Participant: 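Would you mind keeping the following structure in view while I ask a few things?
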Amino acid sequence: MSTERTAATSSVLPPLLLSTLVTAVLAGLAADITWEVWARVFTPLWVGGPLQPAALVQSVFGFKNLLLAEAIHACVGIVAYPLAYLFVARPIARIVTPFLPWWCVGIGFGIGLWVFALYVMAHIFAGLPPFLGFGQLAWASLVGHMGFGVVCAAVVKWRERN
């Protein structure tokens, strides 16, 4: 591997250290709490009921156990999504759109999560209408996912400054 490529890779990807995992989990916890408050407190005021991602997990995987579906959604939000931000979304943004501020990358990441949730998981795997027919629930979900993305990016930024 050339020196140029090694330098470029090391500046784009975070180091494979325990502190990177800690950053991901802290970002995931903060972002997931933000999501849950949005989904269970504010969304009902807007659409008349909460967002229920565990129900989507149940539909996709055929689970009857709501607690298991909640645990899967929580683990994905706390660990997998922040790692995807650190190792996929942010490196792509640093290469393709290095001029964007961190919060724009966070919003874009959240929109990507929304597309994944409401098109890939809900439509392709669960057989629901694409983006749930673009009703109020879909837009509430978009706001929640953008909030998740921004909070995830903010915690990563904060941890890297310290």
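Residue numbers start at 1 and run along the sequence shown. Note that this is a predicted model, so its numbers are computed, not measured.
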Participant: Donor-acceptor pair, Thr20 side chain versus Pro15 backbone, under 3.5 Å?
Facilitator: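 Judged by distance alone, yes, a pair lies under 3.5 Å.
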Participant: Determine the minimum heavy-atom distance between Val156 and Ala27, stating which atoms define it.
Facilitator: CG2-CB, 4.1 Å
Participant: For the atom pair CG (Leu83) and CD1 (Ile78), what is the distance rounded to the nearest 0.5 Å?
Facilitator: 12.0 Å
Participant: Tell me the closest heavy-atom pair linking Ser11 and Arg94, and the distance in Å.
Facilitator: O-NH1, 3.3 Å
Participant: Leu137: which residues meet the side chain to side chain contact (heavy atoms under 4.5 Å, CB included) condition with it, sequence neighbours left out?
Facilitator: Val47, Leu51, Leu132
Participant: Run the side chain to side chain donor-acceptor pair (under 3.5 Å) test against Glu36 and tell me which residues pass, sequence neighbours left out.
Facilitator: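 Per chain and number, Glu36 pairs via side chain to side chain donor-acceptor pair (under 3.5 Å) with Arg40.
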Participant: Return yes if some donor-acceptor pair links the side-chain N/O of Trp103 with the main-chain N/O of Ala153 below 3.5 Å, else return no.
Facilitator: no
Participant: Over 60° means perpendicular and under 30° means parallel, so classify the ring planes of Trp35 and His73, tilted if in between.
Facilitator: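 If you compare the ring of His73 with that of Trp35, the planes turn out tilted.
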Participant: Would Leu18 and Val155 show up in the same hydrophobic cluster when neighbours are defined by side-chain heavy atoms closer than 4.5 Å?
Facilitator: yes
Participant: Let me confirm one number: the OG1-NZ distance from Thr23 to Lys157, rounded to the nearest 0.5 Å.
Facilitator: 13.0 Å
Participant: When you look at Leu68 and Phe61, which way does the side-chain contact (heavy atoms from CB on, under 4.5 Å) test go after all the steps?
Facilitator: CA-CA 11 Å; Leu68 176 60; Phe61 297 106; over 6 Å; no
Participant: Measure across Trp158 and Asn162 and return the closest heavy-atom pair with its distance rounded to 0.1 Å.
Facilitator: NE1-ND2, 2.9 Å
Participant: Test your reading of the model: is there a side-chain donor-acceptor pair from Thr43 to the backbone of Pro50, 3.5 Å cut-off?
Facilitator: no
Participant: Enter the distance from Met146:CE to Leu113:CG here, rounded to the nearest 0.5 Å.
Facilitator: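 Result: 12.0 Å between the selected atoms.
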Participant: Let me confirm one number: the CH2-CH2 distance from Trp46 to Trp38, rounded to the nearest 0.5 Å.
Facilitator: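 Taking CH2 in Trp46 and CH2 in Trp38, the distance rounds to 5.5 Å.
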Participant: In terms of relative ring orientation, are Phe148 and Tyr81 parallel, tilted or perpendicular, with 30° and 60° separating the classes?
Facilitator: perpendicular
Participant: Which distance, rounded to the nearest 0.5 Å, do you find between the CD1 of Ile72 and the CG of Leu56?
Facilitator: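 Between atom CD1 of Ile72 and atom CG of Leu56 there are 11.5 Å.
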Participant: Evaluate Phe87 against Leu16 for side-chain contact (heavy atoms from CB on, under 4.5 Å), listing each step before the verdict.
Facilitator: CA-CA 10 Å; Phe87 287 96; Leu16 294 175; 3.7 Å; yes
Participant: Is it true that Leu128 and Leu66 fall in one hydrophobic cluster, defined by side-chain heavy atoms closer than 4.5 Å?
Facilitator: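 Not linked; separate clusters.
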Participant: Heavy atoms only: give me the nearest Ala126-Ala122 pair and the separation to one decimal.
Facilitator: CB-O, 3.3 Å
Participant: Set out, in order, the CA-CA distance, both residues' side-chain angles and the distance that settles side-chain contact (heavy atoms from CB on, under 4.5 Å) for Val22 and Arg159, then state yes or no.
Facilitator: CA-CA 9 Å; Val22 170; Arg159 288 274 299 168; 3.5 Å; yes
Participant: Answer whether the closest heavy-atom distance between the side chains of Val150 and Phe109 falls below 4.5 Å.
Facilitator: no
Participant: Is it the case that atom CZ in Phe63 sees more than 12 heavy atoms from other parts of the structure closer than 6.0 Å?
Facilitator: yes
Participant: Given the rule that I, L, V, M, F, W and Y join up when any side-chain heavy atoms are under 4.5 Å apart, are Val143 and Val41 in one cluster?
Facilitator: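 Hydrophobic grouping puts Val143 with Val41.
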Participant: Where is the tightest heavy-atom contact between Pro82 and Ala24, given as atom of each residue plus distance?
Facilitator: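 Closest approach of Pro82 to Ala24: CB-O, 3.2 Å.
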Participant: I'd like to know whether CZ of Phe134 has more than 12 heavy-atom contacts from other residues, nucleotides or ligands below 6.0 angstrom.
Facilitator: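 It does: Phe134 CZ has more than 12 such atoms within range.
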Participant: If every non-hydrogen atom of Pro91 is compared with every non-hydrogen atom of Tyr85, which pair is closest and at what distance?
Facilitator: CD-O, 3.8 Å
Participant: If you look only at pairs with a residue in residues 118-143, which of them pass as a side-chain hydrogen bond (donor to acceptor under 3.5 Å, both in side chains), with sequence neighbours excluded?
Facilitator: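 side-chain hydrogen bond (donor to acceptor under 3.5 Å, both in side chains) check on residues 118-143 returns Ser141-His145.
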